[in-house]
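The chains referred to below are lettered A, B, ... by the order of the sequence lines, with proteins before strands, and numbering in each begins at 1. Computed over heavy atoms, backbone and side chain alike; hydrogens, waters and symmetry mates excluded. Worth saying up front: this structure is predicted, and the values here are computed from it rather than measured.
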Amino acid sequence: AQKVTQAQTEISVVEKEDVTLDCVYETRDTTYYLFWYKQPPSGELVFLIRRNSFDEQNEISGRYSWNFQKSTSSFNFTITASQVVDSAVYFCALRVAGNQFYFGTGTSLTVIP
Amino acid sequence: KAGVTQTPRYLIKTRGQQVTLSCSPISGHRSVSWYQQTPGQGLQFLFEYFSETQRNKGNFPGRFSGRQFSNSRSEMNVSTLELGDSALYLCASSFFGESTTNEKLFFGSGTQLSVL
């Protein structure tokens with residue numbers, strides 16, 4: 001069975017602080033894809049990043065960075081120098097064979113000015 | 001290119017009624033998936049349609065059904081509404097939807113359903 005756990009329900013940080021959102025996944029499939037989505041108040045989930053199980057190379061994109069570690073089944077997301085516009089709910093998701101995504105319960109991030 | 005469009009944006013129904021939600025995918029996308037989002041539960045997969053056929057189904061009762069038309073537009077129907085059906089229903093589309101590809105989902109803004 002597939003499962004995604006986001007243990008942090010809510011996080012509050014002061015603007016310009018760094019923040020890391022944790023994601024732990026479970027699957028027995030050897031081929032899988034991991035995603036992060038951002039959900040602003042408007043409701044529409046916005047794609048942030050995708051990683052496949054064969055690519056453990058970490059990535060930095062502007063203020064965003066991702067740390068994928070198969071040994072610990074984690075796919076953590078860090079925002080550097082957070083901004084108020086980063087306030088949203090962030091979802092980690094797992095996809096295995098087929099087109100069904102398994103989402104975590106989300107982490108609500110509030111950046112305080 | 002227009003994004004995923006869901007209508008209506010808000011719905012208020014009473015218990016026992018039925019409801020139909022609509023989703024227009026991004027032009028050219030053939031796969032449409034539906035998710036239910038409730039506080040504390042995250043997104044729960046309802047079903048996926050590809051080329052007018054239901055390809056995957058989540059663990060929801062038979063009151064939840066859907067269909068897809070030849071133009072890839074999809075509808076979701078919930079019959080005999082219960083209070084627990086109150087949720088944000090999100091539709092997502094992707095081009096191919098084949099397994100083991102690196103497809104990503106494009107989401108609509110959802111339909112907020114309130115059951116009174």
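Under a hydrophobic-cluster definition in which Ile, Leu, Val, Met, Phe, Trp and Tyr are linked whenever side-chain heavy atoms come within less than 4.5 Å, directly or via other members, A:Tyr64 and A:Ile11 are assigned to the same cluster. Taken together through direct or relayed side-chain contacts under 4.5 Å among Ile, Leu, Val, Met, Phe, Trp and Tyr, B:Phe60 and B:Leu11 form part of one hydrophobic cluster. When the side chains of ILVMFWY residues are joined at heavy-atom separations under 4.5 Å, either directly or via intervening members, B:Leu21 and B:Val4 end up in two distinct hydrophobic clusters.
The shortest non-hydrogen separation linking A:Gln39 to B:Leu90 is NE2-CD1, 4.2 Å. Taking every heavy atom of both residues into account, A:Ser42 and B:Arg9 meet most closely at O-NH2, 2.7 Å.
Of the listed residues B:Gly58, B:Gly108, B:Gly110, the one with more heavy-atom pairs under 4.5 angstrom with chain A than any other is B:Gly108. Interface remark: of the candidates A:Phe91, A:Phe101, A:Phe47, A:Phe101 forms the most heavy-atom pairs closer than 4.5 Å to chain B.
Other residues, nucleotides and ligands place more than 12 heavy atoms under 6.0 Å from the CZ atom of A:Arg63. Within a 6.0 Å radius of CG in B:Asn59, no more than 12 heavy atoms belonging to other residues, nucleotides or ligands are found. Around the NZ atom of A:Lys3, the shell of radius 6.0 Å holds no more than 12 heavy atoms that belong to other residues, nucleotides or ligands. Heavy atoms from other residues, nucleotides or ligands lying under 6.0 Å from NZ of A:Lys70 number more than 12. Other residues, nucleotides and ligands contribute more than 12 heavy atoms inside 6.0 Å of the CD1 atom of A:Ile112.
Using a 4.5 Å cut-off between heavy atoms, A:Gln6 does not touch chain B at all. In this structure, chain A has a heavy atom under 4.5 Å from the side chain of B:Gln37, while its backbone stays farther away. For B:Phe47, no part sits under 4.5 Å from any heavy atom of chain A, backbone or side chain. Contacts of B:Leu88 with chain A are made by side-chain atoms alone, with heavy-atom separations under 4.5 Å and no backbone atom involved.
Taken from CZ in B:Phe45 to CD in A:Gln2, the straight-line distance is 12.5 Å, to the nearest 0.5 Å.
Proximity of the aromatic rings of A:Tyr37 and B:Phe107 is defined here by a centroid distance below 6.0 angstrom, and this criterion is met.
Within the 4.5 Å cutoff, side-chain heavy atoms of A:Phe103 are placed close to those of B:Tyr35. Within the 4.5 Å cutoff, side-chain heavy atoms of A:Leu45 are placed close to those of B:Leu43.
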